Amino acid sequence: MALIKNKTLDTGATINYWRVDMFCKNKGQKRVNFALMGYNSKEIADNNPNAFIECIGVNDLMDSSSENDKLYNYYFNSNNYENLETACYEYAKEHVDFFKDAQNDEEKPSKLN
């Protein structure tokens, strides 16, 4: 799975394929952070995962609050999603402004890295 969302950089490069990477979950403190790596295409992400153009870090759930605890429990400490990766994508679509209108790419990677 990945997210499809176009972004044109100041350099003119276009990113349209975003894949979760660098996920970290601290169960004891109920903290989560992850990164969405941006690529020119699915093919590039599949064949060369180090060729990302931009990285968007999602660190929203790093501070302790009752609201963050609720979000952590809903997305990352429940059976609401198939796996943690899917929870990251859904969290990003609901809570990260840039990804709010992103589309899901349900297709599995052609290569497992």
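The shown structure was predicted, so the numbers you read here are calculated from the model rather than taken from an experiment. Because only heavy atoms are used, hydrogens play no part in the values below, and waters and symmetry mates are left out as well, while side chains stay in.
- With salt bridges taken as basic N to acidic carboxylate O contacts below 4.0 Å, one links Asp46 and Arg19.
- Distance alone, capped at 3.5 Å, is enough to place a donor-acceptor pair between the Asn80 side chain and the Tyr74 backbone.
- Once rounded to the nearest 0.5 Å, the distance linking CD1 of Ile4 with CD1 of Ile15 reads 12.5 Å.
- Contact detail for Leu3 and Ala102: the closest heavy-atom pair is CB-CB, 4.2 Å.
- Applying the salt bridge (Lys or Arg N to Asp or Glu O under 4.0 Å) test to Lys93 and every residue at least two apart in sequence or in another chain returns Glu90.
- With sequence neighbours excluded, the residues that form a ring pair (Phe, Tyr, Trp, His ring centres under 6.0 Å) with Phe98 are Trp18.
- Considering only heavy atoms from C-beta on, Ile53 comes within 4.5 Å of Leu9 through its side chain.
- With hydrogens and angles ignored, the 3.5 Å screen pairs a side-chain donor or acceptor of Tyr89 with a backbone N or O of Val20.
- Using a cutoff of 4.0 Å between basic side-chain nitrogens and carboxylate oxygens, Lys100 and Glu94 are not scored as salt-bridged.
- Listed for the Asp69 side chain is no donor-acceptor partner under 3.5 Å among the backbone atoms of Lys30.
- Atom NZ of Lys70 is surrounded by 12 or fewer heavy atoms from other residues, nucleotides or ligands within 6.0 Å.
- Residues Glu85 and Asn83 bring no donor and acceptor atom of their side chains to less than 3.5 Å of each other.
- To the nearest 0.5 Å, the span separating NZ on Lys42 from CG on Asn47 amounts to 8.5 Å.
- The minimum heavy-atom distance linking Gly28 with Asn26 is given by the pair N-OD1, 3.1 Å.
- Residues Thr14 and Asn40 share a closest heavy-atom pair of O-ND2, 2.8 Å.
- For Glu54, the CD atom sits in a packed shell: over 12 heavy atoms of surrounding residues, nucleotides or ligands are nearer than 6.0 Å.
- Residues Cys88 and Phe34 have side chains in contact (heavy-atom distance under 4.5 Å, counting atoms from C-beta outward).
- Of the inter-residue distances, the one linking Met37 atom CE with Asn50 atom CG reads 8.5 Å to the nearest 0.5 angstrom.
- Relative ring orientation between Tyr91 and Tyr75 is described as perpendicular, the plane-to-plane angle rising above 60° on a 0-90° scale split at 30° and 60°.
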